[in-house]
Amino acid sequence: MTVRILYFAALRDAVGCAQESFTLPSGVSTVGELRTFLADRGEGWRALEEGRNVRAARNQRMAAPSDPVMPGDEIAFFPPVTGG
Amino acid sequence: MSVSVQESDFDVGAEIAALSEDRREVGAVASFVGLVRDISEGSTVAAMTLEHYPGMTEQALEEIVAEARSRWSLHAVRVIHRYGRLEPGDRIVFVGVAGAHRGESFAACEFIMDYLKTRAPFWKKEETPDGARWVDARDSDDSAAQRWETR
């Protein structure tokens, strides 16, 4: 029941971690719930709190908070993109 | 190969020429080149580093190209986006579109850039006299992308 979580750019700097293997706790079954769980780690992880401008991807596609998280997924959190 | 994400520079002339090579039905090639500027938000910029999300980046760009092809009748599309450390004057991005007439080529080229700005997972970090800073996303980029949604 694990997922891989990636963090990019300013968000990676804030949380101090580029990626982790994460065992899904009970009660975490969507991208939004995962984000809230991670934000509750406190300190730099508060950058993931509700209201902060954070985007998410599930298996390399943009994801909404209501999208499910399944074992084996690759979930990514990052700031709004600034390419081009 | 219509999409490339690469560290190296590209040859604008060769890319534009390739869009109409062996395609006699092409009547209009539109292109866009994005460059690093030496000033941003009032600070001088010595260089910037572009980070991306390998795998998702290519997929996102392919989807944007596919969306453009579904909206306009296009003969060829090419998107190149660089990553890594770039200095003022360096090329960042190339979008080239070949169609039968200029209307669709201009529109598709602008559409691809507008969508790329809000959907392709790239992030810029600038080196300024006050230190390095991540570039914030602009609301104007969101509104530029949104105007295509009502058409």
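Here the structure is a predicted model, which means the values were calculated and not measured.
Considering only heavy atoms from C-beta on, R61(A) comes within 4.5 Å of Q59(B) through its side chain.
The local environment of CZ in F106(B) is sparse, with at most 12 non-hydrogen atoms from other residues, nucleotides or ligands closer than 6.0 Å. By the 6.0 Å contact criterion, CZ on R23(B) is enclosed, its count of non-hydrogen atoms from other residues, nucleotides or ligands being greater than 12. Sparse packing is recorded around CD of E43(A), with 12 or fewer heavy atoms of other residues, nucleotides or ligands lying under 6.0 Å away.
If you measure heavy-atom distances from A120(B) to chain A, the contacts under 4.5 Å come from the backbone alone. Both the backbone and the side chain of W123(B) come within contact range of chain A, each with at least one heavy atom under 4.5 Å from a heavy atom of that chain. For D13(A), the part lying under 4.5 angstrom from a heavy atom of chain B is the side chain only. Looking at K117(B), both its backbone and its side chain come within 4.5 Å of chain A, counting heavy atoms on both sides. D141(B) does not touch chain A: none of its heavy atoms, backbone or side chain, sits under 4.5 Å away.
No path of Ile, Leu, Val, Met, Phe, Trp and Tyr side chains, each step under 4.5 Å between heavy atoms, connects V33(B) with V36(B), placing them in separate hydrophobic clusters. Both V3(B) and L74(B) belong to a single network of hydrophobic side chains, linked directly or stepwise wherever heavy atoms of I, L, V, M, F, W or Y lie under 4.5 Å apart. Linking Ile, Leu, Val, Met, Phe, Trp and Tyr residues whenever their side-chain heavy atoms come within less than 4.5 Å places V77(B) and F32(B) in a single cluster. In the hydrophobic clustering of this structure, F8(A) groups with M62(A); members are Ile, Leu, Val, Met, Phe, Trp, Tyr whose side-chain heavy atoms approach within less than 4.5 Å, directly or through other members. In the hydrophobic clustering of this structure, I80(B) groups with V29(B); members are Ile, Leu, Val, Met, Phe, Trp, Tyr whose side-chain heavy atoms approach within less than 4.5 Å, directly or through other members.
For the atom pair CZ of R55(A) and CZ of R119(B), the computed distance is 11.0 Å after rounding to the nearest 0.5 Å. We find the OH-OH distance between Y53(B) and Y7(A) to be 12.0 Å, quoted to the nearest 0.5 Å.
When each of M113(B), H52(B), E63(B), R138(B) is scored by its heavy-atom pairs under 4.5 Å with chain A, the top score falls to E63(B).
Of residues 63-84 of chain A, those residues lying under 4.5 Å from chain B by any heavy-atom pair are E74(A), A76(A), F78(A), P79(A), P80(A), V81(A), T82(A), G83(A), G84(A).
Heavy-atom minimum distance, M56(B) versus A57(A): SD-CB, 3.6 Å.
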